[in-house]
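Here's the structure, in structure tokens; my notes come after.
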Amino acid sequence: MPELPEVETVRRGLQPAMEGARFTHVEARRPDLRFPLPKDFVKRLEGQTVTGLGRRAKYLMADLSSGEVLIMHLGMSGSFHVSFDNEHPAKAPDPAPPLRGGRGAQASRREENSETLIGDFHYARGKLGGHDHVVFRMSSGATVTFNDPRRFGFMKLVERRKLDAEPMIASLGPEPLGNAFDAAALAAACNGKKTSIKAALLDQQIVAGLGNIYVCEALFRAGISPKRMASAVATRKGEPNERTEKLVAAIRDVLQDAIRQGGSSLRDHRRTDGELGYFQHHFRVYDREGEPCPGRCGGTIKRIVQSGRSTFYCPKCQK
DNA sequence: CAAAGTTCCTGCGAGC
DNA sequence: TGCTCGCAGGAACTTT
């Protein structure tokens, strides 16, 4: 699902379509996302140039020539679709599986079945067109559509200079792949936390961008039990220990691996259409309840529920 | 059904 | 002892 690697994959897919390009036409077809789009949403975008397309945690941020930033969040089911004029005529819906999650035209050209390796999520067969929430026509010749059936995603326009005052951005912890995130930082953030390390890593204020999947995977790679107290990743006074170092390295590794492979393409497992995702095949514990531990310890992957979310782990080698 | 991410609310415990 | 504050955990949101 859209965790950091997926959002980063989407960002890279949107870049050739949007960066340096101007919004020539914007449609808000269904303004009822998690937050309603502002009434002047279209007016504030049309004519503006995207000077840069960045990412903070799971948020996409498009810098606009107007001085505003378009913040976009995929929620749980949001996806972007990119097509270029010369490949997909805008009028007729493409009967082929549409590109979801935005690897852009290059991936689509390179791979026959782009559906399986886009860093995202749903390929909503038969739900294109009028059901897309937002459509951008760009001066690059690209049409970018945003579709989010569950509507937990949103788009928001904020003045760049007021970005630091934006609560959802300001409250974020360090980027896990950035320099600010190291053992000392993690230990300090976990110090005194009376909750599980699993819950702590899901807390975007401790480290920003992890979700349920990558927390499970990182804890497995670090050999740390998800049930361990968060404060135990640090010694007294919040000093890091060996466990902290391992965990930081594991988080970095799993995110980098996932980004390298274009993120995970999870969809509802009960659906029968199409392939399953891509990095999902590299999951070692997530959604692998009952399977043997890939670490050859002889253990079996277990599923437990922590603060209402599934946790997958190997009780034998995660201590 | 349960799954995804975030916000909000409640309840409990710690501390004064 | 009694109150307040903050944190932790759960519900809600939505859809298939």
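Residue numbers start from 1 in every chain, and the chains themselves are labelled A, B, ... in the order their sequence lines are given, proteins ahead of strands.
- A perpendicular orientation is assigned to the rings of A:Phe283 and A:Tyr214, their planes being inclined by more than 60° (bins at 30° and 60°).
- For the pair A:Arg260 and A:Asp257, the salt-bridge criterion is met [side-chain N within less than 4.0 Å of a carboxylate O].
- The phosphate of C:dC13 (OP1 or OP2) has no side-chain N or O of A:Arg34 nearer than 4.0 angstrom.
- Look at A:His73 and you won't find any side-chain N or O under 4.0 angstrom from OP1 or OP2 of B:dG5.
- Note on A:Lys194: every side-chain N or O is 4.0 Å or more away from OP1 and OP2 of B:dG13.
- Whole-Å rounding puts the A:Glu3 CD to B:dA3 C1' distance at 12 Å.
- Nearest approach of A:Glu175 to A:Phe181, heavy atoms of both residues: O-CB, 3.3 Å.
- Applying the 4.0 Å criterion to OP1 and OP2 of C:dC7, one finds that A:Thr195 has every side-chain N and O outside that range.
- The CZ-P distance, from A:Phe154 to B:dA4, rounds to 19 Å in whole Å.
- B:dC1 and C:dA11 have their P atoms separated by 14 Å, given to the nearest Å.
- Ion pairing of A:Glu8 with A:Arg12 is present here, as a side-chain N (NZ or NE/NH1/NH2) and a carboxylate O approach within less than 4.0 Å.
- Open room surrounds CG on A:Asn179; 12 or fewer heavy atoms of other groups in view lie less than 6.0 Å from it.
- Ring-base stacking between A:Phe152 and B:dG5 is satisfied, the centre separation being under 5.5 Å and the plane angle under 30°.
- In this structure, the nucleotide among B:dT6, B:dA4, C:dT14 sitting nearest to the side chain of A:Gln204 is B:dT6.
- A:Asn191 places its CG atom 13 Å from the P atom of C:dC7, with the value rounded to the nearest Å.
- Nucleotides C:dT16 and B:dT7 are separated by 24 Å at their P atoms, to the nearest Å.
- When the C1' atom of B:dA4 is taken as reference, atom CG of A:Leu33 falls 16 Å away, rounded to whole Å.
- One atom, CD1 of A:Ile71, and another, C1' of B:dT6, lie 14 Å apart when rounded to the nearest Å.
- Listed pair A:Arg303 / B:dA3 meets the phosphate criterion, a side-chain N or O lying under 4.0 Å from OP1 or OP2.
- The distance from atom CZ of A:Arg151 to atom P of B:dT6 is 18 Å, rounded to the nearest whole Å.
- Listed pair A:Ser77 / C:dT14 fails the phosphate criterion, with no side-chain N or O lying under 4.0 Å from OP1 or OP2.
- The CZ-C1' distance, from A:Arg309 to C:dA12, rounds to 13 Å in whole Å.
- Per the geometry, NZ belonging to A:Lys58 stands 4 Å off P belonging to B:dT6, to the nearest Å.
- Side-chain atoms of A:Arg150 come within donor-acceptor range of the base of C:dT15, with a qualifying N/O pair under 3.5 Å.
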